[in-house]
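Worksheet for the structure shown next.
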Amino acid sequence: MSSTESPSVPAASVLPKVAPVRVGEGERLRSVGLPGVTLSIRSRPPARASLPPTLYVHGLGGSSQNWSQLMAELDGVVDSEALDLPGFGDSPPPDDGDYSVTGHARAVIRYLDAAGRGPVHLVGNSLGGAVTTRVAAVRPDLVRTLTLVSPALPELRVQRTAVPTALLGVPGIAAMFTRMTKEWSAEQRVRGVMALCYGDPSKVSPEAFREAVEELERRLQLPYFWDAMARSARGIVDAYTLGGQHGLWRQAERVLAPTLLVYGGRDQLVGFRMAAKATRTFRDSRLLSLPDAGHVAMMEYPGVVATAFRELLADTADTAGGASGAGATRASAEDDVTVQGAGS
């Protein structure tokens, strides 16, 4: 429901005052109001006109800052924008409280439709990988290529190290965890997250660690922080249980865009073994395998990921006219997104 249809006060208008979000050198940050949601967009002014548009979507607990290194590596190659999903980074919660994978996908689609930048090179990590897979399946007209870094697609045997994250989606667990960890410092929390997400946390620079701590301290002041985490985690679990045409692997089969898959051998959240299934499922795919990377390869090995991305762009340059059949699929695609949002 859009903010004009609801008598309630939009979430964006009642946010508490917290420290400003960090904006890196060469970056810009702006806020975009859309029906039912306000999104924060991080961008790098393009080095020249007519560069191909690219949109990056972060994972659970992340933000557009997760893409800063990769965006810098691709400066002069693409026109980069990275969004903060609703409730994360500098984006306020969605007005309808929908944190499902489909709810996030709907926000991405609304932004791309409003911006008129499509078809874009769409890039997603973890939760953002599930979200962008759904976007590419239901709105092929908006996606030129798809790049997935450790996408959160359903696994039959979830790694034990991923179970605590999934448990955040269980009602009451987030509140209990908050109580149990109320004495933890931001530094302790960040070290824990980096140990889980990086193949080798010792490679994180002191500056990057300090910036991550500052960002977490800022977010912990937001009253909706844990709610956004818990509901989004629940959204991933719910998406894993969906079958039929709305299942994520079924939708992966429908993706028309050339797809780059990036998997890390030390990923503790998405099993490296899933790389083989993903390569078989996405109809036009290539695989970048990084044995020493963890869950956020674009942050650990931005140069390597950027090289693979540039190769994808070079190999698809001759088909840059957009996805085939876009006009015919648009109406039914919107129906798919609407159906998936029911009951979230």
Nearest atoms (heavy-atom pairs only) where [X] meets [Y]:
X    : Y    : result
D90  : S40  : CB-OG, 3.6 Å
D267 : L269 : OD1-N, 2.8 Å
L248 : A152 : CD1-O, 4.0 Å
A114 : L34  : CB-CD2, 3.5 Å
T38  : P92  : O-CD, 3.4 Å
G103 : D98  : CA-OD2, 3.7 Å

Consider only side-chain heavy atoms of I, L, V, M, F, W and Y, link residues closer than 4.5 Å, and tell whether [X] and [Y] are in one cluster.
X    : Y    : value
M229 : L220 : yes
V21  : L222 : no
V193 : W226 : no
L29  : V32  : no

Find the distance between [atom1] ([X]) and [atom2] ([Y]) and round it off to the nearest 0.5 Å.
X    : Y    : atom1 : atom2 : answer
F272 : S150 : CZ    : OG    : 10.0 Å
I236 : S126 : CD1   : OG    : 5.5 Å
L290 : L288 : CG    : CG    : 4.0 Å
L146 : S285 : CG    : OG    : 10.5 Å
M274 : W249 : CE    : CH2   : 4.5 Å
H58  : M298 : NE2   : CE    : 10.0 Å

Would you say that [X] contacts [Y] through its side chain, given a criterion of any heavy-atom pair below 4.5 Å between the two side chains?
X    : Y    : value
V108 : L85  : yes
F209 : M194 : yes
S91  : L83  : no
Y111 : L55  : yes
L142 : D113 : yes
L39  : P86  : yes

Pairs in or reaching into residues 20-50: which pass ring pair (Phe, Tyr, Trp, His ring centres under 6.0 Å), with residues at least two apart or in two chains? none
Pairs satisfying ring pair (Phe, Tyr, Trp, His ring centres under 6.0 Å), at least one member in residues 282-305, at least two apart: none
Qualifying residue, where the test is side chain to side chain donor-acceptor pair (under 3.5 Å) with H121 and the options are T147, D79, T54, T145: T145
Quickly, which of R44, R30, R28, R42 forms a side chain to side chain donor-acceptor pair (under 3.5 Å) with E81? Name it, please.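 The side chain to side chain donor-acceptor pair (under 3.5 Å) with E81 is passed solely by R30 among R44, R30, R28, R42.
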Looking at residues at least two apart in the chain, or sitting in another chain, which of them share a side-chain contact (heavy atoms from CB on, under 4.5 Å) with S232?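 Result, side-chain contact (heavy atoms from CB on, under 4.5 Å) vs S232: L60, F88, Y99, H104, L127.
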Taking [X] first and then [Y], would you say they form a salt bridge - that is, a charged N and a carboxylate O separated by under 4.0 Å?
X    : Y    : result
E211 : R22  : yes
R286 : E311 : no
R191 : E187 : no

Any donor-acceptor pair under 3.5 Å from [X] side chain to [Y] backbone:
X    : Y    : value
R218 : G89  : yes
N125 : V149 : yes
Q268 : A195 : yes
Y240 : L153 : yes
N66  : S63  : yes

Strictly by modelled atom types, are T316 and R144 linked by a side-chain donor-acceptor pair under 3.5 Å? no
Short side-chain donor-acceptor distance under 3.5 Å, Q251 and R134: yes
Atom pairs and distances, donor-acceptor, side-chain atoms in residues 45-52, under 3.5 Å, two or more places apart:
{"residue": "R48", "atom": "NH1", "partner": "G76", "partner atom": "O", "Å": "3.1"}

Residues in ring pair (Phe, Tyr, Trp, His ring centres under 6.0 Å) with Y263, at least two apart?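 Y263: no ring pair (Phe, Tyr, Trp, His ring centres under 6.0 Å) contacts found.
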List the steps and the verdict of side chain to side chain contact (heavy atoms under 4.5 Å, CB included) for F225 and L216. CA-CA 10 Å; F225 172 77; L216 181 57; 4.1 Å; yes
Keeping to residues at least two apart or across chains, list the side-chain hydrogen bond (donor to acceptor under 3.5 Å, both in side chains) pairs with something in residues 275-284. none
Using the rule given for side chain to side chain contact (heavy atoms under 4.5 Å, CB included), can you reason through T259 versus L148, listing the C-alpha separation, both sets of side-chain angles and the distance that settles it, and then say yes or no? CA-CA 8 Å; T259 302; L148 303 174; 4.3 Å; yes
